[in-house]
Amino acid sequence: METSQDSHSLTRIIAIANQKGGVGKTTTTVNLGAAIAQTGRRVLVIDLDPQGNASTGLGIDYHNLDSSVYEVLVHDGLVEDCIEPTNFRNLFVVPSKLELAGADVELVSAFNRERKLLRALEGTREDFDFILIDCPPSLGLITVNALTAATEVVVPIQCEFYALEGLGQLMRNVKLVKDNLNPLLDVSAIVLTMYDPRTRLAHDVVSQVREHFGPLVCQTMIPRSVKLSEAPSFGQPIVTFDPTSRGAIAYRELAEEVINVNKT
């Protein structure tokens with residue numbers, strides 16, 4: 001059975017986005033990427049969060065790197081010059097660093113500022129089956145670059161009070177980018193994270209989100225898990241840190257859902 005996509009033109013570029021912080025964007029980017037890579041597909045993670053958590057979560061010490069996604073966005077660097085291999089087969093990362101925190105301001109006067117990442121990926125995308133972009137918790141120019149470069153958006157939502165807060169604004173911004181910059185862009189999946197089946201609130205949030213968004217919501221829900229919280233401090237995704245844990249099982253199941261999304 002063919003494990004790679006039939007054509008490089010079918011490379012899927014997925015922005016993992018939600019302007020709310022603490023919803024599991026980075027956790028989902030790292031662990032979904034690793035789980036997809038375990039199926040034999042080549043995966044590139046692009047860390048667009050200045051905190052660099054996706055980079056460290058994949059074992060990359062960005063402090064000693066000469067080149068990062070900051071150089072790509074602000075100084076027209078090449079993505080291929082920034083790609084770092086991880087310790088996991090088929091999984092690569094374009095790391096972030098703290099300088100990226102000022103990139104929104106530095107990009108304001110840049111020519112074609114919304115398309116910096118899109119242009120930088122032109123020579124790289126054919127090398128990968130999936131490119132996952134970890135977006136910062138904001139809707140500034142960095143996130144707009146991610147949405148302009150992406151073919152789809154995956155939105156993590158935590159199973160907690162105010163889960164839907166701000167989601168309407170994110171959907172409006174996705175539509176703005178689709179209408180003005182990237183006609184290919186759509187929200188392809190919503191992922192429920194930090195699910196605790198013991199609480200009534202979690203069940204209520206799941207019902208509410210499924211009622212609002214129907215088939216966009218993945219069947220797999222990511223559990224609240226100590227192991228998921230521990231894995232990044234060891235520079236590993238959960239699927240290698242504790243392969244039999246509930247979190248690892250959930251992300252492997254989510255990977256299958258994402259791989260097969262929109263397929264008949």
Side-chain angles (χ1 to χ4, degrees), residues 3-4 12-18 21-65 67-69 79 82-98 100 127-137 146 154 156 158-159 189 191-196 218 220-259:
T3 55
S4 182
R12 289 173 61 188
I13 306 178
I14 303 175
I16 314 290
N18 188 332
V23 300
K25 282 189 300 294
T26 298
T27 300
T28 294
T29 304
V30 166
N31 292 299
L32 179 61
I36 293 173
Q38 283 191 334
T39 70
R41 294 163 172 86
R42 283 173 59 85
V43 178
L44 177 65
V45 168
I46 299 179
D47 189 352
L48 280 188
D49 192 328
Q51 296 179 74
N53 290 336
S55 305
T56 56
L58 289 171
I60 303 296
D61 181 4
Y62 59 82
H63 294 96
N64 300 316
L65 297 176
S67 198
S68 72
V69 76
V79 165
C82 306
I83 294 174
E84 297 288 329
T86 70
N87 292 322
F88 316 104
R89 186 175 180 179
N90 297 320
L91 186 59
F92 303 82
V93 62
V94 174
S96 176
K97 58 183 178 180
L98 287 174
L100 190 63
D127 295 329
F128 297 94
D129 299 302
F130 283 81
I131 298 175
L132 305 187
I133 308 173
D134 185 27
C135 296
V154 167
Q158 82 280 30
C159 294
V191 181
L192 292 156
T193 64
M194 305 178 200
Y195 175 67
D196 185 346
C218 292
T220 304
M221 294 182 287
I222 307 302
R224 184 177 290 281
S225 160
V226 173
K227 292 291 187 181
L228 272 174
S229 302
E230 288 177 346
S233 64
F234 292 88
Q236 291 189 54
I238 190 65
V239 291
T240 60
F241 179 68
D242 191 347
T244 60
S245 66
R246 290 183 304 128
I249 293 167
Y251 272 110
R252 284 195 294 269
E253 291 175 350
L254 179 65
E256 289 301 323
E257 280 199 67
V258 170
I259 288 167

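The figures here come from the full heavy-atom set of this structure, side chains too, leaving out hydrogens, waters and symmetry mates.
- For Tyr62, there are no ring-ring contact (aromatic ring centres under 6.0 Å, His included) partners two or more places apart in sequence or in a different chain.
- Remark: Gln51 pairs with no residue by the side chain to side chain donor-acceptor pair (under 3.5 Å) rule, at least two apart or across chains.
- Not a single donor-acceptor pair under 3.5 Å links the side chain of Arg41 to the backbone N or O of Ile259.
- Every residue meeting the side chain to side chain donor-acceptor pair (under 3.5 Å) condition with Ser55, not counting sequence neighbours, appears here in chain and number order: Asp47.
- Every pair tested for salt bridge (charged side-chain N to carboxylate O under 4.0 Å, His left out) that includes a residue from residues 24-34 fails, sequence neighbours excluded, so the list is empty.
- Residues forming a side chain to side chain donor-acceptor pair (under 3.5 Å) with Arg252 (at least two apart in sequence, or on another chain): none.
- Two residues are said to be in side-chain contact when any heavy atoms from C-beta on lie closer than 4.5 Å; Leu65 and Lys97 fail this criterion.
- Heavy-atom minimum distance, Ala146 versus Cys135: CB-SG, 3.5 Å.
- The stretch residues 26-39 participates, sequence neighbours left out, in no salt bridge (charged side-chain N to carboxylate O under 4.0 Å, His left out) pair at all.
- Expressed to the nearest 0.5 Å, how far OG of Ser68 lies from CG of Leu48 amounts to 10.0 Å.
- The nearest pair of heavy atoms linking Ala54 to Asp134 is CB-OD2, 3.7 Å.
- Residues satisfying the side-chain contact (heavy atoms from CB on, under 4.5 Å) test with Asp242, not counting sequence neighbours, are Lys227, Ile238, Thr244, Ser245.
- Pro156 is listed as a side-chain neighbour of Ile16, based on a closest heavy-atom distance under 4.5 Å.
- Checked against side-chain contact (heavy atoms from CB on, under 4.5 Å), Cys218 has the following partners two or more places apart in sequence or in another chain: Ala189, Val191, Leu254, Glu257.
- By the salt bridge (charged side-chain N to carboxylate O under 4.0 Å, His left out) test, Asp61 pairs with no residue at all, sequence neighbours left out.
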Working note: Ile83 + Val94, criterion side-chain contact (heavy atoms from CB on, under 4.5 Å); need CA distance, chi angles, decisive distance, verdict. CA-CA 5 Å; Ile83 294 174; Val94 174; 3.9 Å; yes
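- Side-chain contact between Glu256 and Thr220: absent, with no pair of heavy atoms (C-beta onward) separated by less than 4.5 Å.
- Listed by chain and number, the residues in a side chain to side chain donor-acceptor pair (under 3.5 Å) with Asn87 amount to none (sequence neighbours excluded).
- Atom CD1 of Ile222 and atom CZ of Arg246 lie 10.5 Å apart (nearest 0.5 Å).
- At a threshold of 4.5 Å between non-hydrogen side-chain atoms, the residues Asp49 and Ser96 do not count as touching.
- One distance of note links CZ of Arg224 with OG1 of Thr193; it measures 8.0 Å at 0.5 Å rounding.
- Of the inter-residue distances, the one linking Glu230 atom CD with Gln236 atom CD reads 11.5 Å to the nearest 0.5 angstrom.
- Taken from CG in Leu44 to CD1 in Ile46, the straight-line distance is 5.0 Å, to the nearest 0.5 Å.
- By the 6.0 Å and 45° rule, Arg42 stacks over the aromatic ring of Phe128.
- In this structure a side-chain-to-backbone donor-acceptor pair under 3.5 Å is missing from Arg89 to Gly40.
- Remark: Thr86 engages Leu58, Phe88, Leu91, Val93 in a side-chain contact (heavy atoms from CB on, under 4.5 Å) (not counting sequence neighbours).
- In terms of the side-chain contact (heavy atoms from CB on, under 4.5 Å) criterion, residue partners of Thr27 (sequence neighbours excluded) are, by chain and number, Asn31, Leu228, Tyr251.
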